[in-house]
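Since the structure comes first, as structure tokens, the remarks are kept for the end.
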Amino acid sequence: CKDRGQRAQAVQQTEADAADAGELNDVISTCPYVAMPPNLVVTPECRLTGSCLDSEDKLLMEKLKRAAPRVSVAGKWGPKVTHVIASCDSQGLAKRTLKYLCACVRGQWVVSSEWLRQSVLEG
């Protein structure tokens, strides 16, 4: 079937691009190409990572980490991340970064920096 051949070629090209991307290859290897059901294991910990955050939001993330013992911050996206805090534009749309897309595929929370601000205020 012609469509299957085109799909296989697209997957091969995607894999070749990922291999060329160096560091991104490590992240992509933990992010499946096919949507899978979210991890149903309930964890008492909240692991955050930021996506295109400014320095003020990064400081807020650290402040929340210090204030809440069950919160940790990950420098990179990984399957144990529970929330991706995404920078949003004036319309409230998140930038489509690799962290954002991987979180969507894995069924993880994608929240705005406003959520972060409210979380810090509420403790």
[atom1] of [X] to [atom2] of [Y]: how many Å apart, nearest 0.5 Å?
| X | Y | atom1 | atom2 | value |
| --- | --- | --- | --- | --- |
| Leu60 | Ser119 | CG | OG | 10.0 Å |
| Leu101 | Ser51 | CG | OG | 9.0 Å |
| Arg117 | Leu64 | CZ | CG | 13.0 Å |

* To do: Give a yes or no on whether Trp109 atom CH2 has more than 12 heavy-atom contacts from other residues, nucleotides or ligands under 6.0 Å away.
  =>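 Count not over threshold, so no.
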
* Asked: With sequence neighbours left out, what residues match Ser72 under side-chain hydrogen bond (donor to acceptor under 3.5 Å, both in side chains)?
  ->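 Partners of Ser72 by the side-chain hydrogen bond (donor to acceptor under 3.5 Å, both in side chains) criterion, ordered by chain and then number, come out as Glu45, Arg47.
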
* Shortest non-hydrogen separation from Ala103 to Trp77 and the atoms involved ->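 Between these two residues, the closest heavy atoms are N-NE1, 3.8 Å.
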
* Minimum-distance pair of heavy atoms, taken over all atoms of Gln108 and Thr82 ->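 Closest heavy-atom pair between Gln108 and Thr82: CB-O, 3.9 Å.
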
* To do: Check Val73, Leu53, Leu116 against Lys58 for a side-chain contact (heavy atoms from CB on, under 4.5 Å) and give me the one that passes.
  =>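 Checked Val73, Leu53, Leu116 against Lys58; only one passes side-chain contact (heavy atoms from CB on, under 4.5 Å): Leu53.
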
* So, Thr49 versus Lys99: side-chain donor-acceptor pair below 3.5 Å or not? ->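 Yes, Lys99 and Thr49 have a side-chain donor paired with an acceptor closer than 3.5 Å.
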
* Is the side chain of Arg70 donor-acceptor paired with the backbone N or O of Ala68 at a distance under 3.5 Å, no angle test? ->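 Not confirmed, Arg70 side chain does not pair with Ala68 backbone.
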
* Asked: Can you name the residues that form a side chain to side chain contact (heavy atoms under 4.5 Å, CB included) with Lys63, not counting sequence neighbours?
  ->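 Here the qualifying residues are Arg66, Val120.
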
Show me, pair by pair, the donor-acceptor contacts under 3.5 angstrom made by side chains of residues 83-93, not counting sequence neighbours?
| unit_1 | atom_1 | unit_2 | atom_2 | d |
| --- | --- | --- | --- | --- |
| Ser87 | OG | Cys52 | O | 3.3 |
| Asp89 | OD1 | Gln91 | N | 2.9 |
| Asp89 | OD1 | Gly92 | N | 3.1 |
| Asp89 | OD1 | Leu93 | N | 2.9 |

